[in-house]
Amino acid sequence: MKRIAIIGAGMAGLTLANELKAFADVQVYEKSKDYGGRMSTRCRNNYQFDHGAQFFIAKTPAFKEFLQPFIQKDLVVRWDARFVELTGNEVTYRWTWTDEVPHYVIAPSMNSLGKAMAKDLSMQLETHVNEIKKTGQRWQLTDREGKVLGSYEWVILAIPAKQVIELVPNEYKFKKEVAEKNMNACYSLMLGFKEALPLEWDAALVKETDISWICNNHSKPGRSSHYSLLIHSTNQWAEENIELDNEAVKKFLIQETSTVIQQDVSVAEHIDLHRWRYANIQKQYGDRSFVDNTNRLAAIGDWCIKGRVESAFLSGLDGAAKLKQLL
Ligand SMILES: Cc1cc2nc3c(=O)[nH]c(=O)nc-3n(C[C@H](O)[C@H](O)[C@H](O)COP(=O)(O)OP(=O)(O)OC[C@H]3O[C@@H](n4cnc5c(N)ncnc54)[C@H](O)[C@@H]3O)c2cc1C
């Protein structure tokens with residue numbers, strides 16, 4: 001069997017790895033301590049925050065079918081949030097999510113699905129692939145310390161587009177196409193409170209401010225009961241302020257949130273921030289995966305389609321279908 005290295009254990013990489021494990025000798029490398037990539041949850045001081053993907057929807061039959069066993073195990077669960085749209089600080093629309101359009105989250109945390117998907121895979125966590133170099137007919141991977149990780153016939157990069165460009169060798173056929181994919185930044189502000197705030201909703205899409213999203217994270221099924229708010233900046237504000245220091249970002253987003261919900265959120269007991277350099281991308285047209293058979297290199301990820309969990313899954317599936325023909 002051919003030896004394949006997959007870099008990145010997000011939804012795209014894990015989907016592809018599971019699809020190919022019967023056809024090849026698959027090894028997954030992931031730089032962080034956990035699986036799931038941008039489907040992630042941070043736990044601090046008894047507070048829990050899904051600071052990446054908030055929820056997801058299944059539109060395609062393939063994704064619905066993939067989710068079914070996890071729904072049966074209560075790993076993928078419906079979040080029937082009391083949803084509002086806020087224009088500034090005015091509620092302009094209300095809707096309680098129902099099974100008509102299920103909005104799913106993972107329980108007990110967003111990375112639990114990644115863990116389940118990685119169960120039967122050969123995985124190496126906390127391994128940052130730093131170089132991909134040709135040695136004979138194979139690609140040799142090295143980590144940040146210069147340690148050789150192994151030699152592979154195929155390398156699949158399941159990481160954000162700009163990181164693909166930093167890592168992929170020059171001979172990769174789709175370098176130009178991937179370089180043109182522009183992903184946007186986002187800040188996640190995480191606030192934990194001793195006392196619940198008197199909000200009449202669980203999740204808010206915010207318009208006409210520099211904040212795009214506020215939610216009561218603890219309102220999601222299976223979460224810690226400690227009251228927590230998760231706030232996302234708009235992509236535009238994050239892009240314009242990507243080099244601002246963390247304290248200044250926190251201060252600004254706290255002020256903005258206080259104005260929008262008309263509560264002083266600076267009283268939070270726990271305040272934390274995460275900067276996503278490559279958070280999401282607008283809808284893309286064209287290839288759903290970029291498989292270069294001449295050089296035996298491929299790139300997949302949500303950025304091929306749209307910044308959504310389902311898109312990452314579909315890109316992984318598309319890459320796997322192409323590779324099955326070639327292995
Ligand atoms: C703030 C935010 C909010 C979002 N909200 C939603 C939402 O509400 N609904 C929705 O559907 N989607 C949402 N998304 C998008 C969703 O999270 C992504 O579409 C999806 O998780 C992308 O999966 P992926 O596998 O393509 O990439 P990723 O999840 O980014 O996986 C890539 C993995 O590669 C690893 N990696 C990178 N470089 C290396 C390297 N050199 N060596 C080893 N490992 C490496 C990373 O650590 C990561 O684990 C949101 C994303 C963000 C950031």
Side-chain angles (χ1 to χ4, degrees), residues 5-17 27-42 49-59 63 79 81 83 103-106 110-111 113-114 117-118 123-132 141-144 149 155-168 181 183-190 203 205 212-213 215 220 230-235 238 273-284 288-289 299-319:
I6 298 174
I7 305 172
M11 174 55 90
L14 292 173
T15 299
L16 183 118
Q27 173 66 43
V28 185
Y29 294 105
E30 167 55 51
K31 69 177 176 185
S32 47
K33 286 189 188 135
D34 215 336
Y35 317 92
R38 277 171 278 155
M39 295 174 74
S40 51
T41 299
R42 184 176 289 183
F49 305 95
D50 301 333
H51 59 307
Q54 294 302 294
F55 63 87
F56 53 92
I57 287 170
K59 292 184 177 168
F63 193 47
W79 178 30
F83 171 82
H103 290 64
Y104 294 113
V105 296
I106 318 293
M110 287 308 267
N111 41 10
L113 180 59
M117 291 173 75
M123 295 277 321
Q124 210 169 304
L125 294 176
E126 295 186 77
T127 307
H128 192 137
V129 178
N130 200 43
E131 195 185 27
I132 304 172
L141 269 51
T142 14
D143 70 7
R144 278 186 147 174
L149 298 167
V155 178
I156 322 299
L157 297 98
I159 60 184
K162 290 289 176 274
Q163 294 172 339
V164 170
I165 295 306
E166 286 164 18
L167 198 54
V168 83
K181 304 285 179 187
M183 298 182 73
N184 301 309
C186 177
Y187 283 105
S188 301
L189 176 68
M190 295 162 256
L205 186 70
S212 61
W213 173 259
C215 92
K220 295 180 181 179
L230 187 283
I231 294 108
H232 282 154
S233 71
T234 58
N235 295 129
L273 184 78
H274 185 84
R275 185 186 73 158
W276 297 98
R277 184 64 198 87
Y278 306 115
N280 42 43
I281 189 166
Q282 301 296 319
K283 185 159 177 45
Q284 303 293 300
R288 291 181 157 205
S289 62
I300 56 168
D302 62 341
W303 50 268
C304 298
I305 305 173
K306 195 181 177 180
R308 292 282 180 275
V309 170
E310 183 169 18
S311 306
F313 167 81
L314 293 173
S315 176
L317 207 60
D318 190 74

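Read the numbers this way: they start at 1 and go in the same order the structure lists the ligands and their atoms. Residues: numbered from 1 along the sequence shown.
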inquiry  = Against I7, only a single residue in T127, L167, V164 fulfils side chain to side chain contact (heavy atoms under 4.5 Å, CB included); can you say which?
reply    =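 For I7, the side chain to side chain contact (heavy atoms under 4.5 Å, CB included) check succeeds only for L167.
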
key: side chain to side chain contact (heavy atoms under 4.5 Å, CB included) partner of L149, the single match among N130, L141, T142   =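 For L149, the side chain to side chain contact (heavy atoms under 4.5 Å, CB included) check succeeds only for L141.
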
For the residue pair [X] and [Y], establish whether any side-chain heavy-atom pair is separated by less than 4.5 Å.
| X | Y | answer |
| --- | --- | --- |
| W276 | S40 | yes |
| M11 | R38 | no |
| M123 | L14 | yes |
| E30 | L125 | yes |

If the cut-off is 4.0 Å to any non-hydrogen atom of [X], which atoms of ligand 1 fall inside it?
| X | value |
| --- | --- |
| H128 | 40 (C), 41 (N), 42 (N) |
| S32 | 47 (O) |
| G37 | 29 (O), 31 (O), 48 (C), 49 (O) |
| T127 | 42 (N), 43 (C) |
| A312 | 22 (C), 23 (O), 24 (P), 26 (O) |
| R308 | 10 (C), 11 (O), 12 (N), 19 (O) |
| G301 | 26 (O) |
| G8 | 33 (C), 34 (O), 35 (C) |

Among all protein heavy atoms in this structure, tell me which lies nearest to [atom], with the distance rounded to 0.1 Å.
| atom | answer |
| --- | --- |
| atom 51 (C) of ligand 1 | A279 O, 3.6 Å |
| atom 35 (C) of ligand 1 | E30 OE1, 3.2 Å |
| atom 27 (O) of ligand 1 | R38 NH2, 3.1 Å |
| atom 45 (C) of ligand 1 | K31 CG, 3.7 Å |
| atom 4 (C) of ligand 1 | A53 CA, 3.4 Å |
| atom 31 (O) of ligand 1 | G10 CA, 3.5 Å |
| atom 37 (C) of ligand 1 | I159 CG2, 3.3 Å |
| atom 3 (C) of ligand 1 | G52 O, 3.2 Å |

Is [X] touching ligand 1 with its side chain, its backbone, both, or neither, if touching means heavy atoms under 4.0 Å apart?
| X | answer |
| --- | --- |
| I7 | side chain |
| Q163 | side chain |
| H232 | side chain |
| S315 | neither |
| I300 | neither |

inquiry  = Donor-acceptor pair, distance only, cut-off 3.5 Å: does the side chain of Q284 make one with the backbone of Q282?
reply    =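 Yes, Q284 side chain to Q282 backbone: donor-acceptor pair under 3.5 Å.
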
request  = Please answer whether the main-chain N or O of I106 pairs with a side-chain N or O of W79 as donor and acceptor at a distance below 3.5 Å.
outcome  =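 No; zero donor-acceptor contacts below 3.5 Å.
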
Please report, to 0.1 Å, the donor-acceptor pairs under 3.5 Å made by any side chain of residues 311-318, with sequence neighbours excluded.
from, atom 1, to, atom 2, distance (Å)
S311, OG, K306, O, 3.1
S315, OG, R288, O, 2.7
S315, OG, G301, N, 3.0
S315, OG, G301, O, 3.3
D318, OD2, S289, OG, 2.7
D318, OD2, K322, NZ, 3.1

request  = Could you name the option among A158, A203, A9 that has the heavy atom nearest to atom 32 (C) of ligand 1?
outcome  =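 Looking at heavy atoms only, the winner is A158.
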
Among D143, D302, L167, closest by any non-hydrogen atom to atom 20 (C) of ligand 1 =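 Checking each option, the heavy atom nearest atom 20 (C) of ligand 1 is found in D302.
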
Looking only at distances, can you tell me whether any N or O atom of [X], backbone or side chain, sits closer than 3.5 Å to an N or O atom of ligand 1?
| X | result |
| --- | --- |
| F56 | no |
| W276 | no |
| C186 | no |
| F55 | yes |
| Q54 | yes |
| N280 | no |

ask   = Got a sec: does the NZ of K283 have more than 12 other heavy atoms crowding it under 6.0 Å?
value =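 For K283, atom NZ is crowded (more than 12 foreign heavy atoms under 6.0 Å).
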
query = Are D143 and K31 close enough, and set up right, to give a side chain to side chain contact (heavy atoms under 4.5 Å, CB included), and what steps lead you there?
reply = CA-CA 9 Å; D143 70 7; K31 69 177 176 185; over 6 Å; no

query = Taking it one step at a time, do R308 and K59 satisfy side chain to side chain contact (heavy atoms under 4.5 Å, CB included)?
reply = CA-CA 11 Å; R308 292 282 180 275; K59 292 184 177 168; over 6 Å; no

key: For V309 against A53, the heavy-atom pair lying closest together   =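 Distance-wise, the nearest heavy atoms are CG2-CB, 4.0 Å.
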
ask   = Y35 and G114: which non-hydrogen atoms are nearest, and at how many Å?
value =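 Minimum heavy-atom contact is CB-C, 3.6 Å.
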
request  = Evaluate the criterion side chain to side chain contact (heavy atoms under 4.5 Å, CB included) for residue pair D50 and L230; output intermediate values, then yes/no.
outcome  = CA-CA 7 Å; D50 301 333; L230 187 283; 5.7 Å; no

message = Going by the rule ring pair (Phe, Tyr, Trp, His ring centres under 6.0 Å), which residues pair with Y278 if we only count those two or more places apart in sequence or in a different chain?
response =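 Ring pair (Phe, Tyr, Trp, His ring centres under 6.0 Å) list for Y278, sorted by chain: empty.
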
inquiry  = Any heavy atom of L14 closer to ligand 1 than 4.0 angstrom?
reply    =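 Checking ligand 1 against L14, which is what was asked, there is no heavy-atom contact under 4.0 Å.
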
inquiry  = Return the NZ to CD1 distance between K181 and I281, rounded to the nearest 0.5 Å.
reply    =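 If I round to the nearest 0.5 Å, the distance is 6.0 Å.
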
